[in-house]
Amino acid sequence: MGLLIEDDNDGGEVLIPPANFSMVEDGVYRSGFPQLENFGFLSTLNLKSIIYLCPEPYPEENLKSLQSNNIKLFQFGIQGKTDPPTPMPKDTVLSALRVLVDVRNHPILIHCKQGKHRTGCLVGCLRKVQNWCLSSVLEEYQKCAGLKWRQRDLRFIEEFDVHGLRQCLYSIIYQYNGYGLKRRKLLYQEENVVVQEQHKPQATKGW
C-alpha cells in the first residue's frame with residue numbers, strides 16, 4: 001500500500017507520492033514513474049528538474065504538468081530489462097550524473113519505470129562521488145531494489161569510475177561535507193561556469 005499524506009493547508013487534500021518514493025538527500029529525490037495522481041504531492045517538493053532514465057517519450061500530460069510548473073526534464077534513454085541483458089551505458093550514466101550533481105538543478109527527482117534498477121545505479125554512482133564506502137553503496141541499492149536486485153547492477157556500480165565526472169565538471173568545484181546520514185549535503189563554488197546540456201529537456205520546447 002502506498003504512502004498517503006494529508007495536506008492540512010489545502011482542505012485536507014490527500015497527497016500521494018509516486019511508487020518507491022524516497023529522499024536521497026536534501027533536494028534530491030527518487031521514485032518510480034509519476035502518475036497523474038502524484039502531481040499534487042510532487043508540487044510540494046518545488047522541483048526544478050527531473051532526470052528521466054527511460055528511452056520512451058514522456059507522456060504528454062506529464063509534460064504539460066512540468067511546463068506549467070517550470071520544471072526542466074533531462075531524459076537519458078537507458079534500456080530496462082532486455083533479453084539478452086544489455087550493459088548499463090557508462091557514458092549515459094556519467095552524463096546523467098553530471099546533471100544530478102549540479103545543485104543549480106535542485107530540487108531534483110530521479111526516476112525510471114519502477115525506481116529500482118536504473119535509478120538505483122545512478123544513485124549508487126552518486127554515492128561513490130560522495131565517498132561512501134562501497135558496502136554501504138551496494139546495501140542501499142539492494143534495499144531499494146528489494147527482491148529484484150540485479151548482480152550486474154552491483155557490478156556496474158562497483159566498477160564505475162567517478163574520476164571521469166571530475167573531468168567533466170570543468171570549473172565547478174564540488175565539496176561534500178559530513179558523513180552522517182543527514183549531513184551528506186552538497187556545497188559548491190562557481191567560477192565562470194559554462195555548462196552545455198547535451199540532453200535538452202522536452203518540457204522546455206517553446207518556452
Side-chain angles (χ1 to χ4, degrees), residues 18 20-25 27-34 47-58 72-146 148-170 172 174 176 184 186 188 195-203:
N20 297 319
F21 175 84
S22 65
M23 184 173 73
V24 177
E25 63 172 87
V28 181
Y29 307 93
R30 61 180 291 172
S31 76
F33 203 104
L47 295 174
K48 286 186 179 179
S49 312
I50 286 179
I51 291 178
Y52 172 48
L53 299 175
C54 302
E56 296 81 11
Y58 218 58
K72 287 184 177 182
L73 176 66
F74 295 91
Q75 181 171 2
F76 300 90
I78 299 175
Q79 293 291 339
K81 186 176 181 180
T82 59
D83 188 17
T86 55
M88 190 71 65
K90 293 181 179 179
D91 290 343
T92 304
V93 173
L94 183 62
S95 296
L97 190 57
R98 182 183 176 189
V99 171
L100 178 58
V101 300
D102 190 337
V103 295
R104 294 171 299 178
N105 296 321
H106 295 183
I108 190 168
L109 173 69
I110 313 160
H111 78 81
C112 48
K113 284 291 179 63
Q114 301 298 326
K116 295 181 178 181
H117 304 111
R118 286 167 283 191
T119 297
C121 285
L122 180 58
V123 172
C125 294
L126 171 66
R127 297 309 193 192
K128 293 188 71 174
V129 175
Q130 293 177 299
N131 292 321
W132 277 35
C133 67
L134 183 60
S135 61
S136 295
V137 175
L138 302 183
E139 180 182 356
E140 181 184 44
Y141 166 86
Q142 289 179 298
K143 179 181 178 181
C144 293
K148 294 186 177 181
W149 64 271
R150 297 171 180 169
Q151 185 64 45
R152 65 178 181 272
D153 288 347
L154 297 180
R155 185 166 55 252
F156 173 82
I157 294 170
E158 183 175 359
E159 296 176 353
F160 187 82
D161 182 9
V162 298
H163 294 291
L165 176 65
R166 298 188 179 95
Q167 296 174 2
C168 290
L169 291 177
Y170 299 108
I172 303 177
Y174 291 87
Y176 292 90
R184 298 187 182 99
L186 180 63
Y188 74 103
V195 177
Q196 295 181 352
E197 296 179 6
Q198 296 179 350
H199 298 259
K200 293 191 176 181
Q202 298 177 33

>> Quick one, Arg150 with Tyr141, criterion side-chain contact (heavy atoms from CB on, under 4.5 Å). Give me CA distance, side-chain angles, the key distance, then yes/no.
In response: CA-CA 9 Å; Arg150 297 171 180 169; Tyr141 166 86; 3.8 Å; yes
> Does the side-chain contact (heavy atoms from CB on, under 4.5 Å) test come out yes or no for Ser95 and Phe74, once each step is laid out?
Replying inline: CA-CA 10 Å; Ser95 296; Phe74 295 91; over 6 Å; no
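At least one donor-acceptor pair under 3.5 Å links the side chain of Ser49 to the backbone N or O of Asn105. Gln79 places no side-chain N or O within 3.5 Å of a backbone atom of Cys54 that could act as its donor or acceptor partner. At distances below 3.5 Å, at least one donor-acceptor pair connects side-chain atoms of Lys128 with backbone N or O atoms of Phe160. A donor-acceptor pair under 3.5 Å is absent between the side-chain atoms of Arg30 and the main chain of Val24, judged by distance alone. Judged by distance alone, with hydrogens and angles left aside, the side-chain atoms of Tyr58 form no donor-acceptor pair with the main-chain N or O of Leu73 at under 3.5 Å. Formation of a donor-acceptor pair under 3.5 Å by the His106 side chain with backbone atoms of Leu100 is found in this model.
Residues Thr119 and Ser31 share a closest heavy-atom pair of OG1-O, 4.2 Å. The two residues Met88 and Val93 make their nearest non-hydrogen contact at CG-CG2, 3.7 Å. Between Gly124 and Val137, the shortest heavy-atom contact is O-CG1, 3.5 Å. What you find for Pro18 and Gly32 is that their closest heavy atoms are CB-O, 3.9 Å. The minimum heavy-atom distance linking Ile78 with Pro55 is given by the pair O-CD, 3.2 Å. Here the shortest heavy-atom pairing between Gly120 and Ile157 reads O-CD1, 4.0 Å.
The line from CD of Gln130 to OG of Ser136 is 12.0 Å long, rounded to the nearest 0.5 Å. For the atom pair NZ (Lys72) and CZ (Arg104), the distance works out to 8.5 Å, reported to the nearest 0.5 Å. For the atom pair CD1 of Ile51 and CZ of Phe76, the computed distance is 6.0 Å after rounding to the nearest 0.5 Å. To the nearest 0.5 Å, atoms OH (Tyr29) and CG (Leu47) are separated by 7.5 Å. One distance of note links CG of Asn20 with SG of Cys112; it measures 9.0 Å at 0.5 Å rounding. Going from atom CG of Leu138 over to atom CH2 of Trp149 covers 9.5 Å, rounded to the nearest 0.5 Å.
Using a 4.5 Å heavy-atom cutoff, the side chains of Ile110 and Leu53 are in contact. A 4.5 Å side-chain heavy-atom check between Arg118 and Lys113 finds at least one atom pair inside the cut-off. Side chains of Gln114 and Phe33 form no contact here, defined as non-hydrogen atoms less than 4.5 Å apart. Taking the side chain as every heavy atom from C-beta outward, Pro34 and His111 approach each other to under 4.5 Å.
Residues satisfying the salt bridge (Lys or Arg N to Asp or Glu O under 4.0 Å) test with Lys143, not counting sequence neighbours, are none.
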